[in-house]
Amino acid sequence: SDATVRSSSFTGNSAGYYGGAIYTSSTTTLVVEDTVFDANTAFYYGGAIYLYYYVEATLTDNTFTSNESTNGGALYVQQLYSTLTIDTNSFSDNVATTGAGGAIYTYYYADMDVTDCTFDGNNAAGVGGAISAYSVYGATNVKDSTFTGNSSTTSGGGAIATQAYSELAVTGSTFSG
């Protein structure tokens with residue numbers, strides 16, 4: 001099935017397990033454009049959005065602020081078997097409370113292209129203050145993006161962390177603070 005979200009706002013939503021605002025899985029195409037995700041929470045994965053199993057997703061011109069989850073404060077991505085496209089999004093003050101990926105966590109067969117995005121003040125208790133890529137057989141490509149003041153509290157990769165055979169390519173991006 002297909003799902004499109006445009007010019008919307010998700011504020012203060014919560015989920016006991018996955019995807020505080022949006023949960024999608026199994027052969028879905030998801031397009032999210034010009035949407036605000038603020039103060040959403042999920043206990044386990046994806047404070048704002050959880051994408052799982054054969055999902056093709058494009059996120060464009062969105063704002064993710066103060067979302068919180070154990071892993072993937074704003075976005076958790078697992079077993080897509082396709083490429084997640086993230087263009088011109090802003091991720092600020094999102095938190096992975098006890099795990100990895102303050103803003104974004106990718107896991108297992110998840111490719112991701114991040115272009116013209118800003119990551120500011122995101123925090124993970126574990127690895128990857130802004131992005132954690134634990135994608136066996138996955139690649140993360142970051143282009144023309146800005147990372148400012150992101151942190152990993154107890155581990156490594158204040159801005160970006162990769163693990164488990166993940167591929168990472170970063171071009172034209174700025175890291176500070």
Side-chain angles (χ1 to χ4, degrees), residues 17-19 22-30 32 42-60 62 64 67-89 91 94-120 122-176:
Y17 291 100
Y18 314 119
I22 295 175
Y23 171 106
T24 187
S25 70
S26 302
T27 62
T28 300
T29 299
L30 175 66
V32 181
F43 185 75
Y44 287 116
Y45 305 134
I49 299 176
Y50 178 82
L51 306 174
Y52 175 69
Y53 201 64
Y54 288 103
V55 175
E56 183 177 326
T58 302
L59 309 177
T60 307
N62 302 295
F64 295 85
N67 298 287
E68 187 175 295
S69 185
T70 299
N71 288 290
L75 178 62
Y76 186 94
V77 180
Q78 181 176 345
Q79 289 177 281
L80 292 189
Y81 300 100
S82 67
T83 300
L84 168 63
T85 302
I86 303 175
D87 288 327
T88 322
N89 288 262
F91 295 87
N94 299 288
V95 178
T97 56
T98 60
I104 301 171
Y105 186 107
T106 62
Y107 180 73
Y108 201 62
Y109 289 105
D111 291 332
M112 180 172 60
D113 291 336
V114 176
T115 307
D116 293 320
C117 291
T118 60
F119 295 85
D120 184 25
N122 300 288
N123 177 266
V127 299
I131 297 173
S132 178
Y134 191 90
S135 295
V136 177
Y137 309 112
T140 298
N141 300 297
V142 178
K143 182 178 178 186
D144 301 328
S145 294
T146 303
F147 294 80
T148 306
N150 300 287
S151 61
S152 166
T153 305
T154 62
S155 208
I160 301 173
T162 62
Q163 304 175 52
Y165 309 109
S166 297
E167 296 177 20
L168 173 66
V170 178
T171 56
S173 296
T174 304
F175 297 82
S176 64

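The structure displayed is predicted, hence computed values, not measured ones.
Nearest heavy-atom pair, G128 versus A161, reported as atom, atom and distance to 0.1 Å: N-CB, 3.5 Å. Taking each heavy atom of V142 and S173 in turn, the nearest pair found is CG1-OG, 3.7 Å. Nearest heavy-atom pair, Q163 versus S132, reported as atom, atom and distance to 0.1 Å: NE2-OG, 4.1 Å. What you find for G101 and A96 is that their closest heavy atoms are O-CB, 3.6 Å. The two atoms that bring A42 and Y17 nearest to each other are CB-O, 3.8 Å, heavy atoms only.
With rounding to the nearest 0.5 Å, the separation of OH in Y50 from CD1 in I22 is 14.5 Å. Rounded to the nearest 0.5 angstrom, T98 OG1 and N71 CG are separated by 6.5 Å. Note that CD of E68 and CZ of F43 are 11.0 Å apart. Values are rounded to the nearest 0.5 Å. The OH atom of Y23 lies 14.0 Å from the CD1 atom of I49; values are rounded to the nearest 0.5 Å.
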* Asked: Should S26 and Y54 be marked as a side-chain contact (heavy atoms from CB on, under 4.5 Å) after you check the CA-CA gap, both sets of side-chain angles, and the distance that decides it?
  -> CA-CA 5 Å; S26 302; Y54 288 103; over 6 Å; no
* To do: Could you check F91 against I131 for side-chain contact (heavy atoms from CB on, under 4.5 Å), going step by step and ending with a plain yes or no?
  => CA-CA 10 Å; F91 295 87; I131 297 173; over 6 Å; no
* Let me see the working for I160 and T140 under side-chain contact (heavy atoms from CB on, under 4.5 Å), right down to the final yes or no. => CA-CA 10 Å; I160 301 173; T140 298; 5.8 Å; no
* Go through the steps for L59 and L75 under the test side-chain contact (heavy atoms from CB on, under 4.5 Å), then give the verdict. => CA-CA 11 Å; L59 309 177; L75 178 62; 3.8 Å; yes
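For N62, the side-chain hydrogen bond (donor to acceptor under 3.5 Å, both in side chains) test picks out N89, with sequence neighbours left out. Evaluation of the ring-ring contact (aromatic ring centres under 6.0 Å, His included) rule for Y105 yields Y76 as partners, not counting sequence neighbours. For T106, the side-chain hydrogen bond (donor to acceptor under 3.5 Å, both in side chains) partners two or more places apart in sequence, or in a different chain, are S135. With sequence neighbours excluded, the residues satisfying ring-ring contact (aromatic ring centres under 6.0 Å, His included) with Y134 are Y107.
Not a single donor-acceptor pair under 3.5 Å links the side chain of T162 to the backbone N or O of L168. S69 contributes a side-chain N or O that, together with a main-chain N or O of Y44, makes up a donor-acceptor pair within less than 3.5 Å. In this structure, the side chain of N94 engages the main chain of N67 through a donor-acceptor pair within 3.5 Å. A donor-acceptor contact shorter than 3.5 Å is absent between the side chain of T97 and the backbone of A125.
At least one side-chain heavy atom of Q79 sits under 4.5 Å from a side-chain heavy atom of Y52. Side-chain contact between I104 and L84: absent, with no pair of heavy atoms (C-beta onward) separated by less than 4.5 Å.
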Would you be so kind as to tabulate the donor-acceptor pairs closer than 3.5 Å made by side chains of residues 109-120, with sequence neighbours excluded?
unit_1, atom_1, unit_2, atom_2, d
D111, OD1, A139, N, 2.7
D113, OD1, N141, ND2, 2.8
T118, OG1, S90, OG, 3.3

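Residue pairs satisfying the side chain to side chain donor-acceptor pair (under 3.5 Å) criterion with at least one member in residues 148-160, sequence neighbours excluded, are listed as follows: N122-N150, N123-S151, N123-T153.
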